[in-house]
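Worksheet for the structure shown next.
In this text, all values refer to a predicted model and were calculated from it rather than measured experimentally.
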Amino acid sequence: MTLEASLAVADGPPEPKIVNIVSTVNLGCKLDLKMIAMKARNAEYNPKRFHAVIIRIRKPKTTSLVFSSGKMVVTGAKSYIESKQAAWKYFNVVKKTGFEVSFKDYKIQNIVANCKLNYPIRLETLAHSGTLGLATYEAEIFPGLIYRVLKPKVVFIVFASGNIIITGAKIKEDTDKAWELMYPLIAQHGRPVNFVPSSIVASPIEEKSAPKRGKKRVIEASSSASGSV
């Protein structure tokens, strides 16, 4: 564990910030998506690309996907309250288009949070620390390490820069609990802030063997000038 990581652990982990809550609602009836797209404001519908009407509102800033089956997905909220408020607003939007809808089975399906550490992470060594779950790291395919915690079932996407995305939880308590378990493990693989990979450091031999082009140009220029005189 680096000095930066040791100090960070002593101070306590940074608190994850919720950036997206995905929730679902059952509107209780079949829907005509073309009619909704024609009558509702800020609605988009392109069946060739996606089989749902996309509706957006500004307060709270969210997006809804409305399917012909009556299922509705709300995404973009940053709190429980915003997610529930947005779901009711989209419900009213659909209701005003002429359908006898009902508000059933509201559920939060996913909570996405992120946090930023003040030191980089050695993903190569963290990938072999499967004490809390299953780690997957293939740098050629994806730059982040995917760590699946078994209990609670939460997924961490860890980047070498120290950025961390936490997803998969349905209640914030699971996000917080998983973070409390993962943070000490991640901190153990912290990299010094001033670390420079050896692959990009020039060796003394390479520096000595490098041609001194600047001096050569000066000599050539001075000789040509004396010749012209």
Side-chain angles (χ1 to χ4, degrees), residues 1-23 60-63 74-83 108-210:
M1 184 183 297
T2 64
L3 176 61
E4 293 84 357
S6 301
L7 294 175
V9 171
D11 293 338
E15 183 178 356
K17 180 181 178 181
I18 295 178
V19 295
N20 186 22
I21 294 179
V22 181
S23 60
K61 189 177 181 180
T62 53
T63 302
V74 180
T75 182
K78 293 178 173 55
S79 68
Y80 290 150
I81 295 176
E82 282 190 0
S83 181
I108 292 178
Q109 302 293 345
N110 187 24
I111 297 176
V112 182
N114 68 5
C115 59
K116 168 67 175 175
L117 302 181
N118 58 0
Y119 52 87
I121 308 298
R122 293 193 298 264
L123 300 183
E124 302 83 1
T125 57
L126 180 59
H128 299 287
S129 302
T131 56
L132 297 176
L134 178 64
T136 304
Y137 179 52
E138 298 181 24
E140 300 82 4
I141 301 176
F142 183 68
L145 179 145
I146 301 174
Y147 201 110
R148 303 179 187 276
V149 178
L150 299 179
K151 189 175 181 180
K153 289 186 177 181
V154 176
V155 178
F156 286 78
I157 305 175
V158 185
F159 295 92
S161 62
N163 284 321
I164 300 173
I165 299 173
I166 310 170
T167 183
K170 295 186 178 182
I171 57 175
K172 190 177 184 299
E173 287 75 11
D174 283 350
T175 298
D176 295 337
K177 184 177 180 180
W179 177 234
E180 290 178 1
L181 295 172
M182 275 293 295
Y183 178 69
L185 179 63
I186 294 174
Q188 290 177 8
H189 301 274
R191 174 175 288 165
V193 175
N194 296 326
F195 173 81
V196 180
S198 59
S199 60
I200 65 173
V201 177
S203 64
I205 298 175
E206 291 176 349
E207 291 180 354
K208 290 181 180 180
S209 61

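Going from atom CG of Asn114 over to atom OG1 of Thr167 covers 11.0 Å, rounded to the nearest 0.5 Å. With values rounded to the nearest 0.5 angstrom, Tyr80 atom OH is found 4.0 Å from Ile111 atom CD1. The line from CZ of Arg122 to NE2 of His128 is 12.0 Å long, rounded to the nearest 0.5 Å. Between the NZ atom of Lys17 and the OG1 atom of Thr175 there is a distance of 15.0 Å, given to the nearest 0.5 Å. Taking CD of Glu124 as the start and NE2 of His189 as the end, the distance is 11.0 Å to the nearest 0.5 Å. Note that CZ of Arg148 is 6.0 Å distant from OG1 of Thr136, once rounded to the nearest 0.5 Å.
The two residues Leu145 and Ala135 come nearest to each other via the heavy atoms CD2-CB, 4.5 Å. A pairwise comparison of heavy atoms in Met182 and Phe156 identifies CG-CE1, 3.5 Å as the closest pair. Closest approach of Val22 and Thr75 over heavy atoms only: CG2-OG1, 3.8 Å. Closest non-hydrogen pair, Asp174 versus Val154, comes out as O-CG2, 3.9 Å. For Tyr147 against Ser129, the heavy-atom pair with the smallest separation is OH-O, 2.5 Å. Across all non-hydrogen atoms, the minimal contact from Pro152 to Leu181 is CD-CD1, 4.4 Å.
Residues Val155 and Ile146 are in side-chain contact: their nearest non-hydrogen atoms beyond the backbone lie under 4.5 Å apart. Within the 4.5 Å cutoff, the side chain of Glu82 has no heavy atoms near those of the Ile21 side chain. Considering only heavy atoms from C-beta on, Trp179 comes within 4.5 Å of Pro14 through its side chain.
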Any chance you could lay out the side chain to side chain contact (heavy atoms under 4.5 Å, CB included) test for Leu117 and Tyr183, step after step, and finish with the verdict?
-> CA-CA 10 Å; Leu117 302 181; Tyr183 178 69; 3.7 Å; yes

>> Please determine whether side chain to side chain contact (heavy atoms under 4.5 Å, CB included) holds for the pair Leu126 and Leu185, giving the CA-CA distance in whole Å, both sets of side-chain angles, and the decisive distance to 0.1 Å.
In response: CA-CA 8 Å; Leu126 180 59; Leu185 179 63; 4.1 Å; yes

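The main-chain N or O of Lys116 is never found under 3.5 Å from a side-chain atom of Asn163 such that the two would form a donor-acceptor pair. Between the Asn110 side chain and the Gly168 main chain, a donor and an acceptor come within less than 3.5 Å of each other. Judged by distance alone, the side chain of Arg191 and the main-chain N or O of Ile121 form no donor-acceptor pair under 3.5 Å. Under the 3.5 Å distance criterion, the side-chain polar atoms of Ser161 are left unmatched by any main-chain donor or acceptor of Phe159.
Ion pairing between a basic and an acidic side chain is recognised when a charged N comes within 4.0 Å of a carboxylate O; Asp176 and Lys172 show such pairing.
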